[in-house]
Amino acid sequence: MIKTAILGSTGIVGQKFTQLLLNHPWFDISVVAGSKRSAGLKYGEAIGSKFSCDLPENIFELEVMPTTLESVNDADIIFSALPSSIAGKVEEDFAKAGYTVFSNASSHRMAEDVPILNPEVNGDHIRLIEEQKRRRGWSGAIITNPNCTTAILSLSLKPIFEKFGIRCAIISTMQAISGAGYHGVPSIDIIDNVIPFIKNEEEKIKNETLKILGTPFKIADFKISASCHRVATIDGHLQAVFLETEKEASPKEIIETMDKFSGEPQELKLPSAPKKPIIVKQEEDRPQPRIDRLEGNGMSVVVGRVREDEVLKGIKYVVLGHNTIRGAAGCSILNAEYLKTKKYI
Ligand SMILES: NC(=O)c1ccc[n+]([C@@H]2O[C@H](COP(=O)([O-])OP(=O)(O)OC[C@H]3O[C@@H](n4cnc5c(N)ncnc54)[C@H](OP(=O)(O)O)[C@@H]3O)[C@@H](O)[C@H]2O)c1
């Protein structure tokens, strides 16, 4: 078994890591780490009543370690669910010390030599890892996964981009409150409300999507415009997507292309790979977050309402994905599984 440490283990994404890794066939949890607030406490005490997912009681007795190289030394790889404000330096310290770090933070995503990996979409970007080690002289490396919205969007765009090309994409999001972290949005602000602003999210969707759909050193060349909104669902980001494709494509062709899509994680039968990365629903009122977010154990994205768009002379559809699973911890774990089969860890 490969020993793993979870940094930021007590937060929303950290708890999801803990839940997904507990019965993992290849990875064992050897360290859970937190901030000064939690270090030294038992995991159950540190979380208190701030549960973001179901966890078995045996994990509650683990001691939360401080987030330092000295304390997190009983691990082969690192899963980081740290806030971006501190992830930059901490993740670099671990990579320099020889660890492969799977990061959920935005700090390193746009560095030229750091892959933003979503393995069904851009497995070939693992080539950047050697370049990163060479340029920085590190024995370890940082591998990021996309921001939650981009992880879901880029998976739905991949088969369309490959087969028909994309000239422009317009995206309007309805993002769950768990996407902002445990202390993210005060309840008084979000109950009975929609907040039409998520800091830096529109830029992340644009920049990360173009990097992921490009080749390792060249970003994809199409226009993206996004508008992001926080809504009062707990988990599951829903996005309305409007596309102008390079080659004409009917809704039927788009549905067939998405429905047939499968990637390397499916071929390799990786433990966290969903059987179908994209599930297309035919019902006129799906996907819905409460009903559909756990499709493929939260690792599939669910597409619906594929239809013609008269204005862009293209197509439009709705896509849903689980933000803390495909959009965060689940994607990171899939990245680690992918790298293990490619002999990087
Ligand atoms: N939520 C999502 O859907 C989502 C999706 C994709 C990516 N992300 C990214 O994932 C990361 C974690 O997000 P989250 O939603 O899980 O946030 P969160 O609920 O606020 O959790 C933050 C975690 O970081 C720890 N932490 C905070 N300050 C620290 C410090 N100075 N030193 C060490 N640990 C510290 C916290 O520990 P204590 O409990 O001990 O304070 C907690 O475990 C962020 O970078 C976020 O942007 C989140």
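Both counts, for ligands and for their atoms, begin at 1 and track the order of listing.
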Strictly by modelled atom types, are S272 and E337 linked by a side-chain donor-acceptor pair under 3.5 Å? yes
Pairs of nitrogen or oxygen atoms closer than 3.5 Å, one from [X] and one from ligand 1: do any exist?
X    : answer
G11  : yes
G14  : no
P146 : no
S38  : yes
G8   : yes
H183 : no
N323 : yes

Can you check which of [options] brings a heavy atom nearest to [atom]?
atom                    : options        : value
atom 37 (O) of ligand 1 : T10, L41, T150 : T10
atom 11 (C) of ligand 1 : V32, L82, T68  : L82
atom 27 (C) of ligand 1 : S80, P83, S9   : P83

Counting only heavy atoms, which portion of [X] has something under 4.0 Å from ligand 1: side chain, backbone, both, or neither?
X    : answer
N104 : both
S106 : neither
S178 : backbone

Mark yes or no for whether D189, through its side chain, and V185, through its backbone, hold a donor-acceptor pair below 3.5 Å. no
Give me the residue, atom name and distance of the protein heavy atom closest to atom 12 (C) of ligand 1. A81 O, 3.1 Å
Between F222 and F161, what is the ring plane arrangement, given parallel below 30°, perpendicular above 60°, and tilted in between? tilted
From Y43 OH over to L62 CG, what is the distance, rounded to the nearest 0.5 angstrom? 9.0 Å
